[in-house]
Amino acid sequence: MTAAPASPKASPTMSAPDYRPTVFLPKTDFPMKAGLPEREPQILERWQQADLYAQLRAARQGREKFIYHDGPPYANGDMHIGHALNHVLKDAVVRTHSLLGKDVPYVPGWDCHGLPIEWKVEEAYRAKKQNKDEVPAKEFRAECRAYAQHWVNVQSQQLQRLGINGDWKKPYLTMDFASEATIVSELLKFAESGQLYRGAKPVMWSPVEKTALADAEVEYHDITSTQIDVAFEIVEAPNAPELVGAHAVIWTTTPWTIPVNQGIAYGPEVEYLLVHVTELDGSIRRYLVAEPLAVEFFGRLQLMERAQRGEIKRFDSSGPDFKGANLAGAIARHPMHHLGGFFANPRPFLPGDFVTTDQGTGLVHMAPDHGEDDFALCKAHGINPVFAVEGDGRYRADWLWLGGESKNVINPTLNAPDGPICSDLKAAGALLSAGPFSHSYPHSWRSKKKVIFRCTPQWFVPMDAGSPTLREKAMAAIAATQFTPDKGRNRIGSMVEGRPDWVLSRQRAWGVPITLFVDRKTGDYLVDKSINQKIVERFREQGVDAWTPEFAAELLGDRVDQYEMITDILDVWFDSGCTHVYVLESGHWPEYRWPADLYLEGSDQHRGWFQSSLLQSCATRGRAPYNAILTHGFTMDANGRKMSKSEGNTINPLDVMKTYGADILRLWALSVDFTEDHRIGDEILKGVADQYRKLRNTFRYLLGALDGWSEDERLPVSEMPALERWVLNRLAVLSGELKAAVLAYDFNRYTSLITGFVQDDLSAFAMDVRKDSLYCDAPTATARRAWRTVLDITFHALTRWLAPVLVFTAEEVWGTRYPDAGSVHLLEWPEIDAGWQDETLAHQFILARKLREEAYLKLEEMRRAKEIGSFLEAVVTIETTNEDRFVAMQALDLTELLLVSRVTLVKGASEALTVGKSDDAKCARCWRFLPVNPETELCGRCTDVVGEMVHDA
RNA sequence: GGGCCGGUAGCUCAGGGGUUAGAGCACACGCUUGAUAAGCGUGGGGUCGAAGGUUCAAAUCCUUCUCGGCCCA
């Protein structure tokens with residue numbers, strides 16, 4: 001003890017001396033109030049100055065490695081609650097495995113290219129009334145780069161504030177020149193191995209901005225379009241010959257797509273009928289429409305009114321109903337077939353699952369250039385897009401119908417009932433109706449102008465080419481990967497199984513170019529290893545700005561005119577799909593190796609990073625870049641609903657850290673079931689803060705109880721009483737359970753095991769029982785030394801075990817006891833002797849605690865009856881007929897364990913537990929009810945201890 | 001609309017055919033006043049999202065519905 005208690009002071013009352021100064025109360029400077037928001041930044045600063053991350057790398061040098069590879073968040077805003085949860089989990093994985101003694105490097109990264117950053121930079125231009133197109137590309141990209149770098153810096157600070165221990169001095173960025181060079185080099189591997197092809201796909205296209213738009217760049221407005229019914233004459237119908245000569249009717253709100261029609265889709269299960277219209281001259285026209293839509297069709301054609309007005313003789317829909325499946329093999333011709341060429345080609349009927357009877361005629365005109373369903377169905381039947389509409393929205397000059405028309409196809413006058421399309425159709429006898437139609441239609445977010453669907457050439461990675469195919473390789477890799485939780489396998493598996501080819505190209509500025517040259521004659525892309533090598537080298541020096549026509553000329557020399565230089569950029573998922581290459585494999589971080597043991601992200605990344613990395617790696621390396629995947633769910637508000645700014649139910653992790661501290665946020669993240677969606681809110685955070693307080697107070701008590709501890713005091717386990725050995729047994733069991741939880745990434749279990757032990761075993765039981773010994777026994781007493789020895793062991797175990805969770809508090813606790821010992825985070829798993837486990841003891845204590853519970857129920861009754869206050873005033877008598885039970889109880893010091901004045905064991909005629917009040921007096925020092933010396937009011941033990949002190953003094 | 005997943009006390013979580021569904025926290029009441037803005041004890045609190053079904057027996061297995069989530073359309 002550093003401060004020996006003084007001698008008893010004379011009590012102010014005459015009755016008894018004040019023995020308080022002779023009691024060894026806990027003593028510590030460790031404050032009860034945490035003040036985390038102020039304290040944490042100070043601790044963080046110490047770590048930064050000492051370069052804790054580097055220290056940890058040095059401390060684990062040469063140890064077994066655990067390769068965790070960090071997925072890159074997007075660098076465009078403040079950290080949100082999802083980032084916080086995600087990074088706390090990552091940090092917990094890294095720290096717990098590090099605690100197990102492994103070398104676990106953690107290089108954080110950021111995703112820096114892509115559209116959202118481009119937008120933000122463009123927005124700034126617009127604010128300055130500048131036009132993006134007038135800014136040189138290089139300058140524009142420099143601004144994107146600066147924008148991304150800004151948010152990398154901000155997020156780095158925020159994540160460090162959260163206590164994430166990583167290599168913040170040397171993170172990886174997808175926009176590092178070395179990364180950009182690697183991405184290009186990986187792309188060229190696809191090219192060299194023939195895993196790229198140029199195809200086409202309908203995308204949202206803005207004719208005004210002459211660019212493709214992402215879904216997020218599109219907004220919907222109500223507009224009025226022209227709806228038309230158009231008749232296509234059926235010329236062949238092998239399964240329904242009676243249809244030849246009849247007209248299939250299609251309905252559309254985009255008349256401009258009729259000049260690009262290439263077929264008609266029907267629903268195989270839809271019921272169709274023929275409408276007969278008898279003209280005044282007696283001739284009959286027959287129209288094929290879906291039965292459920294016939295009445296609406298009559299309405300649009302005003303057949304009833306026309307019949308009443310005498311414009312037609314009559315109409316009826318008699319005739320056999322039949323299923324669409326009978327249309328298989330049928331052929332129609334385009335209303336403008338007389339123009340020849342493209343228009344003279346047959347227009348086949350194709351079965352489409354997407355055909356419904358909600359609207360229209362149940363027959364859908366197919367323009368593969370301008371619709372996703374159209375494109376897919378036509379492609380499946382060998383019909384390809386014709387690219388009749390150009391980037392500015394006009395028909396190609398050489399198009400047979402309306403070629404050279406000066407208006408954009410989406411122009412209302414072009415589509416109007418009196419416009420050229422309708423006029424020509426009418427002249428051809430094919431226009432059955434034309435009128436206004438109100439609906440919701442996509443517009444460009446920026447120009448507010450209408451957009452169109454338009455097929456454009458794109459670069460693809462084939463999923464099903466070669467043997468084994470990429471899909472097969474990916475499926476095999478999924479089977480070989482460990483998933484936590486296991487349902488992730490199913491999820492990514494069904495996605496990969498059904499996904500289409502990977503579209504790699506984007507028509508954008510801020511990204512890594514697709515560095516290909518396409519032969520203008522053959523359409524083949526150039527595969528030249530020496531040129532490719534030069535490209536990669538140049539990118540390493542200059543990054544994405546290297547891709548210029550000048551560089552192309554330099555590479556190709558006099559062949560430059562023979563090739564088209566591709567200016568598309570890569571899908572950013574390709575960037576992030578390559579992180580395993582430049583982080584794990586490049587040697588830029590020599591502490592890493594390929595592949596990773598673990599990837600850890602939200603479950604949305606089954607479609608994102610997990611998949612892009614999988615496909616990239618399977619295509620270039622034949623296996624996944626990871627051995628295991630850990631996924632977490634999403635953070636909802638207190639009511640289990642998704643957070644959104646417009647709902648005003650968001651929780652900002654920066655605010656939580658300001659109000660409660662990072663350790664509270666971390667404890668929250670590691671307490672919830674992260675494998676599912678989980679909640680956060682004020683009530684929840686208050687609960688977590690309460691939990692934290694309990695842990696903090698336990699540490700405070702441990703520190704106070706261990707005040708003045710010296711190694712001389714340590715007692716061998718063999719000399720310890722049962723309670724001490726039982727606590728060691730609990731630590732040994734706990735150690736095994738915690739290790740299992742770490743290996744299973746079960747942090748919820750990890751934290752609840754610790755808090756359970758602290759609350760139930762330590763605070764409510766062992767510490768309560770041993771207060772008497774700690775406070776009142778002589779410092780040299782074996783019992784007190786035994787308890788302090790166990791407290792010391794417990795202290796070392798708990799600080800280490802909690803260090804990955806309460807990173808700041810653990811450091812504060814450790815530093816309070818060992819101010820000069822360095823960081824708690826460099827330490828390893830506590831040394832727990834497996835021999836401490838003791839089944840017999842464990843069973844004895846289950847019995848003891850049951851008796852305690854039973855006794856307390858009865859004592860509580862006495863207390864309610866005001867017969868006693870403290871349980872120390874009570875005596876307990878336990879009677880049993882059972883010999884084994886008697887022996888077991890005898891082995892325990894039940895008076896101590898029950899915290900009463902005396903427990904009497906009786907071997908008698910019944911099983912009973914009775915309680916009563918002690919006849920003894922209260923010892924003025926230890927407050928137990930025992931025989932006391934009436935003069936000093938001290939029990940025997942306290943008489944000795946106090947006597948010793950007076951003697952020493 | 002489709003695929004996948006989830007709903008157990010006010011909160012965070014256990015339990016995955018077999019007594020009367022548990023723990024910690026919160027809450028109420030009490031003890032202690034030598035962990036004191038702490039510690040200890042006792043207590044109340046549940047239609048296990050809903051409805052059907054299988055079974056001697058269902059929180060647990062099946063079906064439907066509902067609410068919520070992620071990913072698609």
Side-chain angles (χ1 to χ4, degrees), chain A residues 18-28 30-33 215 354 356 358 372-373 485 487-495 497-500 602-608 611 631-643 667-668 670-673 675-694 696-705 746 748-749 751-753 755-760 763-765 767-769 771-772 774-776 852-853 855-866 868-874 899 925-927:
Chain A
D18 176 11
Y19 290 105
R20 196 171 198 276
T22 72
V23 175
F24 305 101
L25 295 177
K27 186 167 165 290
T28 177
F30 187 80
M32 186 179 286
K33 187 171 155 48
D215 288 345
F354 53 86
T356 64
D358 297 339
E372 283 193 278
D373 288 333
K487 62 195 176 196
R489 180 195 314 281
N490 183 11
R491 183 151 179 197
I492 193 171
S494 62
M495 284 178 185
E497 204 165 23
R499 69 160 293 154
S603 58
D604 57 333
Q605 297 304 323
H606 286 114
R607 179 156 291 278
Q611 198 175 142
T631 48
H632 59 80
F634 280 72
T635 304
M636 301 296 133
D637 75 357
N639 299 314
R641 283 171 197 274
K642 176 196 183 120
M643 291 187 191
L667 186 56
W668 163 78
L670 298 175
S671 302
V672 297
D673 180 0
T675 65
E676 297 293 341
D677 291 346
H678 45 268
R679 304 172 182 205
I680 194 168
D682 282 339
E683 188 188 6
I684 295 167
L685 284 168
K686 274 192 190 115
V688 175
D690 284 330
Q691 203 91 326
Y692 171 85
R693 255 194 296 279
K694 180 74 196 186
R696 185 176 180 90
N697 272 313
T698 303
F699 275 123
R700 181 165 182 266
Y701 186 75
L702 280 169
L703 287 166
D746 193 346
N748 167 303
R749 181 165 168 74
T751 53
S752 67
L753 280 168
T755 53
F757 170 74
V758 165
Q759 276 152 193
D760 204 35
S763 184
F765 184 54
M767 283 175 165
D768 210 27
V769 168
K771 267 185 197 173
D772 175 72
L774 182 72
Y775 297 174
C776 300
R852 195 170 133 108
E853 215 169 292
Y856 282 6
L857 278 173
K858 300 206 168 162
L859 290 173
E860 189 64 30
E861 283 171 29
M862 285 181 76
R863 188 180 266 172
R864 272 199 296 274
K866 304 279 181 205
I868 54 164
S870 162
F871 289 172
L872 278 172
E873 294 176 45
L899 268 178
R925 182 165 175 271
C926 70
W927 299 346

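All values below were derived from every heavy atom in this structure, side-chain atoms included, with hydrogens, water molecules and symmetry-related copies excluded. In this text, all values refer to a predicted model and were calculated from it rather than measured experimentally. Order of the sequence lines sets the chain letters (A, B, ...), proteins ahead of strands, with each chain counted from 1.
- The side chain of A:Arg863 approaches B:C31 more closely than any other nucleotide in the set B:C31, B:G24, B:U12.
- If you take atom P in B:U55 and the same atom in B:G68, they sit 35 Å apart, rounded to whole Å.
- Separation of the P atoms belonging to B:C62 and B:C67 is 22 Å when rounded to the nearest angstrom.
- Across the protein-nucleic acid pair, A:Leu753 atom CG and B:A23 atom P stand 17 Å apart, rounded to whole Å.
- Rounded to a whole angstrom, the distance from the C1' atom of B:A14 to that of B:A23 is 7 Å.
- A distance of 9.5 Å separates CG of A:Asp760 from CZ of A:Phe765, quoted to the nearest 0.5 Å.
- If you take CG of A:Leu872 and P of B:G41, they are 14 Å apart, rounded to a whole angstrom.
- Ion pairing between a basic and an acidic side chain is recognised when a charged N comes within 4.0 Å of a carboxylate O; A:Glu860 and A:Arg863 show such pairing.
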Just the atom pairs and distances: protein N or O near nucleotides 13-16 of chain B's N or O, under 3.5 Å.
residue : atom : partner  : partner atom : Å
B:C13   : OP1  : A:Asp673 : N            : 2.3

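- Distances shown here put every side-chain N or O of A:Lys866 at or beyond 4.0 Å from the OP1 or OP2 atom of B:G30.
- Between the side chain of A:Thr751 and the backbone N or O of A:Leu670, at least one donor-acceptor pair lies under 3.5 Å.
- One atom, CZ of A:Arg749, and another, P of B:G24, lie 16 Å apart when rounded to the nearest Å.
- Between A:Gln691 and A:Gln759, the shortest heavy-atom distance links the atoms OE1-OE1, 4.0 Å.
- Listed nucleotides: B:G10, B:G24, B:U42. Nearest to the side chain of A:Glu683: B:G10.
- One can place CD1 of A:Ile868 at 13 Å from P of B:U42, the figure rounded to the nearest angstrom.
- Toward the 5′ end of RNA chain B lies the nearest nucleotide of A:Gln691, the other residue of the pair A:Gly640 and A:Gln691 mapping further downstream.
- The line from CG of A:Leu685 to CG of A:Asp690 is 11.0 Å long, rounded to the nearest 0.5 Å.
- Donor-acceptor pairing under 3.5 Å is lacking for the side chains of A:Thr675 and A:His632.
- Among the protein residues, A:Gly756 comes within range of no part of the nucleic acid, since none of its heavy atoms lies under 4.0 Å from any strand.
- In terms of heavy atoms, A:Asn748 sits closest to A:Ser671 at ND2-O, 2.7 Å.
- Remark: C1' of B:C27 and CG of A:Asp690 are 12 Å apart, rounded to the nearest angstrom.
- Of the C1' atoms belonging to B:G10 and B:G46, the separation is 12 Å, rounded to the nearest Å.
- Remark: side-chain polar atoms of A:Asp637 are not paired, donor with acceptor, to backbone N or O of A:Met643 under 3.5 angstrom.
- Note on A:Arg693: nothing from the nucleic acid sits closer than 4.0 angstrom, heavy atoms only.
- Taking atom OH on A:Tyr692 and atom P on B:C25, their separation rounds to 18 Å, with Å as the unit.
- For the pair A:Arg696 (side chain) and A:Met32 (backbone), a donor-acceptor distance under 3.5 Å is present.
- Between A:Phe765 and A:Gln605, the residue anchored nearer the 5' end of RNA chain B, judged by the nucleotide with its closest heavy atom, is A:Phe765.
- In this structure, A:Leu859 places its CG atom 16 Å from C1' of B:G43, rounding to the nearest Å.
- Note that the CG atom of A:Leu899 and the OH atom of A:Tyr856 stand 4.5 Å from one another [nearest 0.5 Å].
- Between atom CG of residue A:Asp772 and atom CZ of residue A:Arg925 there is a gap of 9.0 Å, rounded to the nearest 0.5 Å.
- Between A:Lys642 and the phosphate of B:C70, there is a side-chain N or O to OP1/OP2 separation shorter than 4.0 Å.
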Any N/O pairs under 3.5 Å between the protein and nucleotides 3-7 of chain B? List them or say none.
residue : atom : partner  : partner atom : Å
B:C5    : O2'  : A:Lys487 : NZ           : 3.3
B:C5    : O2'  : A:Glu676 : OE1          : 3.2

Take nucleotides 45-50 of chain B nucleotide by nucleotide from the 5' end and write B, S or -, depending on whether a protein heavy atom sits under 4.0 Å from the base, only from the sugar-phosphate, or from neither.
------

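- Residues satisfying the salt bridge (charged side-chain N to carboxylate O under 4.0 Å, His left out) test with A:Glu676, not counting sequence neighbours, are A:Lys487.
- Nucleotides B:A57 and B:U20 have their P atoms positioned 14 Å apart, rounded to a whole Å.
- Checking side-chain atoms of A:Asp18 against main-chain N and O of A:Arg20 turns up a donor-acceptor pair under 3.5 Å.
- Rounded to whole Å, the P atom of B:G2 lies 30 Å from the corresponding atom of B:G17.
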Give me, pair by pair, the N or O atoms of the protein and of nucleotides 33-36 of chain B that are less than 3.5 Å apart, along with how far apart they are.
residue : atom : partner  : partner atom : Å
B:G34   : OP2  : A:Arg20  : NH2          : 3.4
B:G34   : O6   : A:Arg925 : O            : 3.4
B:G34   : N1   : A:Arg925 : O            : 2.5
B:G34   : N2   : A:Arg925 : O            : 3.2
B:A35   : OP2  : A:Lys771 : NZ           : 3.3
B:A35   : OP2  : A:Tyr775 : OH           : 2.7
B:A35   : N6   : A:Ser763 : OG           : 3.3
B:U36   : OP1  : A:Arg700 : NH1          : 2.4
B:U36   : OP1  : A:Arg700 : NH2          : 3.0

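- Atoms NZ (A:Lys686) and P (B:G10) sit 18 Å apart, rounded to a whole Å.
- Checking B:C11, B:G43, B:G41 against every side-chain atom of A:Ile684, the shortest atom distance belongs to B:C11.
- As judged by a 4.0 angstrom heavy-atom cut-off over every strand, A:Gly869 is placed among residues touching the sugar-phosphate backbone only.
- Pairing analysis of RNA chain B (Watson-Crick: purine N1 to pyrimidine N3 plus N6-O4 or O6-N4; G-U wobble: N1-O2 and O6-N3; both under 3.5 Å) yields stems of 3 or more pairs at B:1-7 with B:66-72, B:10-13 with B:22-25, B:27-31 with B:39-43, B:49-53 with B:61-65.
- For the C1' atoms, the distance linking B:C11 with B:C27 amounts to 12 Å, nearest Å.
- Rounded to a whole angstrom, the distance from the C1' atom of B:C61 to that of B:C48 is 15 Å.
- The minimum heavy-atom distance linking A:Lys694 with A:Thr698 is given by the pair O-OG1, 2.8 Å.
- Considering every non-hydrogen atom in both A:Thr631 and A:Gly602, the closest pair reads CG2-O, 4.2 Å.
- Look at B:G41: its glycosidic torsion is beyond 90° from 0, and that puts it in the anti range.
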Step-by-step side chain to side chain contact (heavy atoms under 4.5 Å, CB included) determination, A:Thr635 to A:Trp668:
CA-CA 11 Å; A:Thr635 304; A:Trp668 163 78; 3.7 Å; yes

Could you walk me through whether A:Leu774 and A:Phe24 pass the side chain to side chain contact (heavy atoms under 4.5 Å, CB included) check?
CA-CA 7 Å; A:Leu774 182 72; A:Phe24 305 101; over 6 Å; no

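- At distances below 3.5 Å, not a single donor-acceptor pair connects side-chain atoms of A:Arg491 with backbone N or O atoms of A:Arg607.
- Note that CZ of A:Phe871 and CD of A:Glu873 are 10.5 Å apart. Values are rounded to the nearest 0.5 Å.
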